[in-house]
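Only one structure is covered here, and it is reproduced in the block below.
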Protein chains: 2
Amino acid sequence: MPSLRDAIADDLRAQIAAGHLEAGARLPSEPRLAAQYKVSTPTLRNALSLLQAEGLIEKIHGKGNFVRHPLRRLTYTGGLLTPDTDLYVTIRTTNLRARGDLIPLLKVPSRTPLTEFLYLTHQRESPHSLARIYVPQDLVPAKLPWRRPGWAETQETVTARVPTPEEASTLRISSTLAVLAITRVSCDTTGRVVEAARLVLPGDRANALFISHHTTEERGTEE
Amino acid sequence: MPSLRDAIADDLRAQIAAGHLEAGARLPSEPRLAAQYKVSTPTLRNALSLLQAEGLIEKIHGKGNFVRHPLRRLTYTGGLLTPDTDLYVTIRTTNLRARGDLIPLLKVPSRTPLTEFLYLTHQRESPHSLARIYVPQDLVPAKLPWRRPGWAETQETVTARVPTPEEASTLRISSTLAVLAITRVSCDTTGRVVEAARLVLPGDRANALFISHHTTEERGTEE
DNA sequence: GAGTGGTCTAGACCACGAG
DNA sequence: TCGTGGTCTAGACCACTCA
C-alpha cells in the first residue's frame, strides 16, 4: 500500500512525463492541489518535496511551484563545464585572509591575503552550479579565466553529500538533493599551491568526467 | 534566523561530534526529544531526517533512532580503495550476455558473452561499497584482480544521486543518503573496451581522488 | 494588499519490534 | 501488550513576490 504522498508524487510525475504539465509551467497553488487530491497541505507539500529532490520541480517562495526544464546534464572535465553554450556566469570577487580550512588547503600561513572568486552559473535563468576559487593575492592573474602556464599537477577530491542550507537556497534545490562536491587543488612545479577551488554541482544536472592515460610502466604493474 | 529544525539538528550534530551521544547509542524517543526541545513531533522528526540524510543517525521503525558508527572515509583512487586494511571483500561471479545499458557501455553487440564480478566490501561487519565489473568473456583474466597490461585509457564518470532501493538495502543505508556513483570504462590501445565497472560508494564513507599531471603543451593553453 | 510558499502546532491513528 | 517510529490532519502565523 503506497502512502498518499507517494501516490500523489507518482501522479504528478506521470503528468509531467506525459506533457500535461509543460516545462516552465506553474503548478496550481498548494492549497488548490491539496483540495484536488483531498489531502492536507503538509501531505501535499511532502509529495512536492519528493519531486523537488528528483529535480522535477522548482519551488520559488512567493511565486509558486514550477516544472523544471528537462535536465541537460553538463559534464565537468578538467575544470570546465561542457557545453558552455547558453550558460551564464556571475562572478563576485572578494579579498580576504586565509583562515580555517583554507590554511591547510592552500598550504599557506594564517592570514595570508587571498582573493576569492565566487562563480555562480545559470542555465536558462535557473541557477546551475556554484564554485568558490581561492588564489593567493600575489598570483591573481590580470585577466580571467584562470588556467595558467606553470601548473604542474591538479588533485581533485570528489564526494557526494547533501547541500548546506546556503547552497540549497542559492542553487534553489531541495536540501535533500545529492550534490557532487569537488575540491580541486593545483600546484606548480615547486609544489606551491597556485589555486584551490570548491565546486558544488547538483547531482541531477551534472556529471564529472575524468580521463586517465596509462603509461607503459604503469601498465605492467600487478595489483 | 535559523529554523527550529536546523537549530535542533545543529545541536544534535554537536552532541554526536562531542561524544555525548556515542556510536550505536539510541537517542531518546521522538516524543521525549520533542518535549526536551519544546517543539512538536513533526518538527523534531524534520530535524532527525536531516541527520539521517547526512548519515549521522539510522532510524529503525519500532526500535528507535541510533547514532551510526563513525565514518572512516575511504578514498577511491585509480580503481583501488585505500586503506584496504580490515576491508573484507565478497565476490560473486556470474556469466551473462550483453543487453540494455551494457551494450553501449562496453561497445559490444547485443548478447555478447560477458562475465560480471560483483564486489561487496565490508568494513567491521557493515557493508561499505558495491561494485559491478563487466569483462568480455574472452578477456577474463585467469586470476584476479583485474588491472592488466595492455590498458591505454580509463574514463571515469562520476555522479551524485540517491541510491536505488536495492542499493540502499544491500548497503544498509538510508534511501536519502547521497551516494557517489562511478562508471569506469577502460580501453586498450586499439580502443576496445576491456572492462566496464559501475561503483556505488556511500557519500558519507568514501571520497574519490583524481590526480592529473599537466604536460608542457597543456600548460601553455589559454581558456 | 492579495496570493504564494515556509514553518510550526497539537493532536490522531497506524505499523513495526520486542518481551 | 507496550513503546517505538510512520503518516496524516486542519488549522495558525510568517515571509516573500508582485501589482
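The structure displayed is predicted, hence computed values, not measured ones. In what follows, every chain begins at residue 1, and chains take the letters A, B, ... in the order their sequences are listed.
- Of all nucleotides listed (dG5(D), dC8(C), dA10(D)), dG5(D) comes nearest to the side chain of P31(B).
- Atoms CD (E30(A)) and P (dT9(D)) sit 14 Å apart, rounded to a whole Å.
- Between the side chains of R32(A) and Y37(A), no donor-acceptor pair of N or O atoms lies under 3.5 Å.
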What pairs of nitrogen or oxygen atoms, one from the protein and one from nucleotides 15-19 of chain D, lie under 3.5 Å apart?
{"residue": "dA15(D)", "atom": "N3", "partner": "H61(A)", "partner atom": "NE2", "Å": "2.9"}
{"residue": "dC18(D)", "atom": "OP1", "partner": "K63(A)", "partner atom": "NZ", "Å": "3.2"}

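- Look at R45(A) and you won't find any side-chain N or O under 4.0 angstrom from OP1 or OP2 of dG5(C).
- Rounded to a whole Å, the CG atom of L48(A) is 13 Å from the P atom of dT7(C).
- Between dT7(C), dT9(C), dG5(C), one nucleotide has an atom nearer to the side chain of S29(A) than all others, and that is dG5(C).
- Note: CG (N46(A)) to C1' (dG5(C)) measures 15 Å, nearest angstrom.
- Considering only side-chain N and O atoms, T41(A) lies nowhere under 4.0 angstrom from the phosphate OP1 or OP2 of dG11(D).
- Separating the CG atom of L33(A) from the P atom of dG3(C) is a distance of 17 Å, rounded to the nearest angstrom.
- Out of dT4(D), dT9(D), dT9(C), the shortest distance to the side chain of R26(B) is found at dT4(D).
- For the residue pair S3(A) and D6(A), a side-chain donor N or O sits within less than 3.5 Å of a side-chain acceptor on the partner.
- Each of V162(B), V200(B), I173(B) was checked for a side chain to side chain contact (heavy atoms under 4.5 Å, CB included) with E167(B), and the lone residue meeting it is V200(B).
- A donor-acceptor pair shorter than 3.5 Å can be found between the side chains of S174(A) and T176(A).
- Among the nucleotides dG5(C), dT9(D), dC8(C), the one closest to the side chain of V39(A) is dT9(D).
- Between the P atom of dT9(D) and the OH atom of Y37(A) lies a distance of 14 Å, rounded to the nearest Å.
- Spacing between atom CG of L27(A) and atom P of dT4(C) amounts to 13 Å, rounded to whole angstrom units.
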Note to self: Checking E58(A) against R172(A) for the salt bridge (Lys or Arg N to Asp or Glu O under 4.0 Å) test, could you report, in this order, the C-alpha distance in whole Å, the side-chain angles of both residues, the deciding distance, and whether it holds?
What the structure shows: CA-CA 7 Å; E58(A) 178 175 2; R172(A) 286 211 226 111; 2.5 Å; yes

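- Between K38(A) atom NZ and dA10(D) atom P there is a gap of 12 Å when expressed in whole angstrom units.
- Between dG5(D), dC8(C), dT9(D), one nucleotide has an atom nearer to the side chain of L4(A) than all others, and that is dT9(D).
- For the residue pair E30(A)/N65(A), the side-chain donor-acceptor check at 3.5 Å is satisfied.
- Defined by atom type and a distance below 3.5 Å, a donor-acceptor pair is missing between the side-chain atoms of N207(A) and T157(B).
- One atom, CG of L44(A), and another, P of dT7(D), lie 16 Å apart when rounded to the nearest Å.
- In this model, the phosphate group of dT4(D) is not approached by any side-chain N or O of N65(B) to a distance below 4.0 Å at OP1 or OP2.
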